[in-house]
Structure formats: structure tokens, C-alpha cells
Amino acid sequence: MMDNINRTFVQLVQTPIRMEPLLPLLDDPDCGAQSWFHGVTRRTTMVDAPSQSEPGSRSQCQITETLFYESHQTMALKQLHELADNALQRFGLSRIVIVHRLGEVPIGEASVVIGCCSAHRRNSFDALPWMMDELKSNVAIWKQERLQDGSTLWVHPTTP
């Protein structure tokens, strides 16, 4: 749903995120920069070893089977709209697209896509990491990793 006088598009989906319908949402003849971020499920995950608190202990590499996202959808949509409105103001953007997938997301598929456009590239480049950090920290969406060994773990929003 596009709002803020057709400047922002925010959506939570249960199916793979398709880019083709999203691309025209950033079209603006006054913008010379369109930037996109695709957050995709990667195959490996670093988890703390059981003896992580001991000197010399290391994190272990685990194989991820899939990610699973849950959300309080009403709250998350409200928070995503607020995030988009803040980014429009903070970075002088013209348009923003935020689509987050819920449910199971297999390896290599996108769980989140964020796009923005601005008159000049610096505004769009600066806005993407800020929006992603804000999304991970402040939006009611939670991620669970399902590992190859059958274990699961909830991932803290500040984990890279």
C-alpha cells in the first residue's frame, strides 16, 4: 500500500518477494539515485561455542537450513510506516519501498527488500543502512534460525 501522498510503500508478505512490481515504485523524474538492499538468507551462521566465556574459545560455524520470521503485524506495519516517514525527512528522500517477508525463508531468498530514491546518490546510500538498523532494532519482527543439526535459535536484532 502506497501512502504519504504516494511516497512510501510498506508491505509484509508470506510469499517470495518479487522485484519487478517494486521497481516502478521508485520512479521519479527528479531523482538521479535509486538504491536497493536485499537481505537474503545465508547458509552459514556463527554461533557462540558453549565455552565462549573462557579465554581462547571461539564461535562455531553452523549450517542454516532456513530462517523463520514472526511478527505482530499491526504493530510492525505501523512501525515500518513510521520508519519510512522518518527516513524521508532525515535523508531528504523522495520515495521509499519496504517489503518484509514472514514465515519460512529458504537459503538464497530475500527476507527483506528496502529501496529508496533521492536527487543525489549520497542521500540514498546513507539512508539504506540506517533504515535496516532501525528495522532490526525497532520493528516487531522476530527471526529464528533453523540449523542443519535440528536445533533452532532466536536471533537478537543487533546480531549482524
Side-chain angles (χ1 to χ4, degrees), residues 1-48 59 61 64 66-146 153-160:
M1 169 186 312
M2 192 67 106
D3 62 7
N4 195 2
I5 313 172
N6 298 326
R7 296 179 66 201
T8 62
F9 178 85
V10 171
Q11 189 176 44
L12 298 172
V13 298
Q14 298 281 341
T15 58
I17 299 172
R18 294 184 47 237
M19 283 303 297
E20 296 81 18
L22 302 177
L23 296 174
L25 297 175
L26 293 188
D27 288 348
D28 182 336
D30 295 321
C31 288
Q34 292 185 1
S35 299
W36 292 94
F37 172 78
H38 297 236
V40 299
T41 303
R42 70 176 173 266
R43 187 172 52 90
T44 56
T45 300
M46 297 304 291
V47 295
D48 291 338
S59 296
C61 183
T64 300
T66 189
L67 296 181
F68 188 84
Y69 289 90
E70 287 188 6
S71 170
H72 184 290
Q73 292 190 35
T74 303
M75 182 183 296
L77 285 169
K78 179 179 182 284
Q79 293 167 328
L80 289 172
H81 281 286
E82 290 171 357
L83 185 143
D85 290 343
N86 289 339
L88 286 171
Q89 298 297 319
R90 183 181 182 118
F91 296 97
L93 303 173
S94 175
R95 296 171 187 250
I96 293 176
V97 170
I98 302 173
V99 180
H100 204 296
R101 188 167 169 184
L102 301 176
E104 185 175 314
V105 182
I107 302 298
E109 292 190 17
S111 55
V112 63
V113 171
I114 298 177
C116 61
C117 66
S118 57
H120 304 283
R121 68 180 183 270
R122 179 57 54 200
N123 299 63
S124 292
F125 285 165
D126 291 346
L128 286 178
W130 182 84
M131 287 192 287
M132 195 60 219
D133 289 345
E134 290 294 310
L135 188 156
K136 288 181 80 170
S137 298
N138 300 318
V139 176
I141 298 172
W142 302 279
K143 177 171 73 174
Q144 182 187 58
E145 295 213 23
R146 296 177 176 177
L153 61 113
W154 287 98
V155 180
H156 191 273
T158 58
T159 302

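Just so you know, these numbers use all the heavy atoms, side chains as well, and skip hydrogens, waters and symmetry mates.
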Participant: If you look at every heavy atom in Ala33 and Ser124, which pair is closest and at what distance?
Facilitator: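 Minimum heavy-atom contact is O-OG, 3.8 Å.
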
Participant: Write down the atom of Trp142, the atom of His72, and the distance for their closest heavy-atom approach.
Facilitator: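 Looks like CZ3-N, 3.5 Å.
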
Participant: Between Gln79 and Asn138, is there a side-chain heavy-atom distance shorter than 4.5 Å?
Facilitator: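 Result no, sub-4.5 Å side-chain heavy-atom pair not found.
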
Participant: Taking all non-hydrogen atoms of both residues, which atom of Arg101 and which atom of Thr15 are closest, and how far apart?
Facilitator: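 Smallest heavy-atom distance, with atoms named: CD-O, 3.5 Å.
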
Participant: Any chance NE2 of His120 has more than 12 other-residue heavy atoms, nucleotides or ligands included, within less than 6.0 Å?
Facilitator: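 12 or below, so no.
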
Participant: Checking side chain to side chain contact (heavy atoms under 4.5 Å, CB included) between Met131 and each of Asp126, Leu83, Val112, which is the one that passes?
Facilitator: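 Exactly one pass, corresponding to Leu83.
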
Participant: As an exercise, state the distance from CZ of Arg90 to CG of Asn123, rounded to the nearest 0.5 Å.
Facilitator: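 It is 12.5 Å, given to the nearest 0.5 Å.
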
Participant: Could you pull out the closest heavy-atom pair between Leu25 and Arg95, with the gap in Å?
Facilitator: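 Minimum heavy-atom contact is O-CD, 3.2 Å.
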
Participant: Work out which heavy atom in Gln34 is nearest to a heavy atom in Leu26; give both atom names and the distance.
Facilitator: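 Of all heavy-atom pairs spanning Gln34 and Leu26, the closest is NE2-O, 3.1 Å.
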
Participant: To the nearest 0.5 Å, tell me how far Tyr69 OH sits from Leu12 CG.
Facilitator: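 Answer rounded to 0.5 Å: 12.5 Å.
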
Participant: Got Thr45 and Val155 here, is their nearest side-chain heavy-atom distance under 4.5 Å?
Facilitator: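 Not in contact.
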
Participant: What distance separates Glu70 CD from Ile141 CD1, expressed to the nearest 0.5 Å?
Facilitator: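 Interatomic distance, Glu70 CD to Ile141 CD1, rounded to 0.5 Å: 11.5 Å.
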
Participant: Got Thr64 and Arg43 here, is their nearest side-chain heavy-atom distance under 4.5 Å?
Facilitator: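 Thr64 does not reach Arg43 side chain to side chain.
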
Participant: Quick one: does any side-chain atom of Ser111 pair with a main-chain N or O of Gly39 as donor and acceptor, under 3.5 Å?
Facilitator: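 Answer holds: yes.
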
Participant: Are Glu134 and Asn86 close enough that some pair of their side-chain heavy atoms sits under 4.5 Å apart?
Facilitator: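 No. Closest side-chain heavy atoms not under 4.5 Å.
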
Participant: Using 0.5 Å steps for rounding, measure from the CD atom of Glu82 to the OG1 atom of Thr8.
Facilitator: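 Rounded to the nearest 0.5 Å, the CD-OG1 separation comes to 12.0 Å.
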
Participant: How close do Asp28 and Cys117 get, heavy atom to heavy atom, and via which atoms?
Facilitator: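 Between these two residues, the closest heavy atoms are CB-SG, 4.4 Å.
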
Participant: Please say which of Ile96, Leu88, Val97 ends up in a side chain to side chain contact (heavy atoms under 4.5 Å, CB included) with Cys116.
Facilitator: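 When side chain to side chain contact (heavy atoms under 4.5 Å, CB included) is applied between Cys116 and each of Ile96, Leu88, Val97, only Ile96 qualifies.
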
Participant: With rounding to the nearest 0.5 angstrom, report the CD1 to CZ distance, Ile114 to Phe37.
Facilitator: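 Result: 7.0 Å between the selected atoms.
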
Participant: Side chains of Met19 and Trp36, heavy atoms from C-beta outward: is any pair under 4.5 Å?
Facilitator: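 Heavy-atom side-chain distance check passes, below 4.5 Å.
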
Participant: Roughly how far apart are Ser71 OG and His100 NE2, rounded to 0.5 Å?
Facilitator: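 Rounded to the nearest 0.5 Å, the OG-NE2 separation comes out at 8.5 Å.
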
Participant: Side-chain contact, heavy-atom cut-off 4.5 Å: Glu109 with Thr41?
Facilitator: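 No - every pair of side-chain heavy atoms lies 4.5 Å or more apart.
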
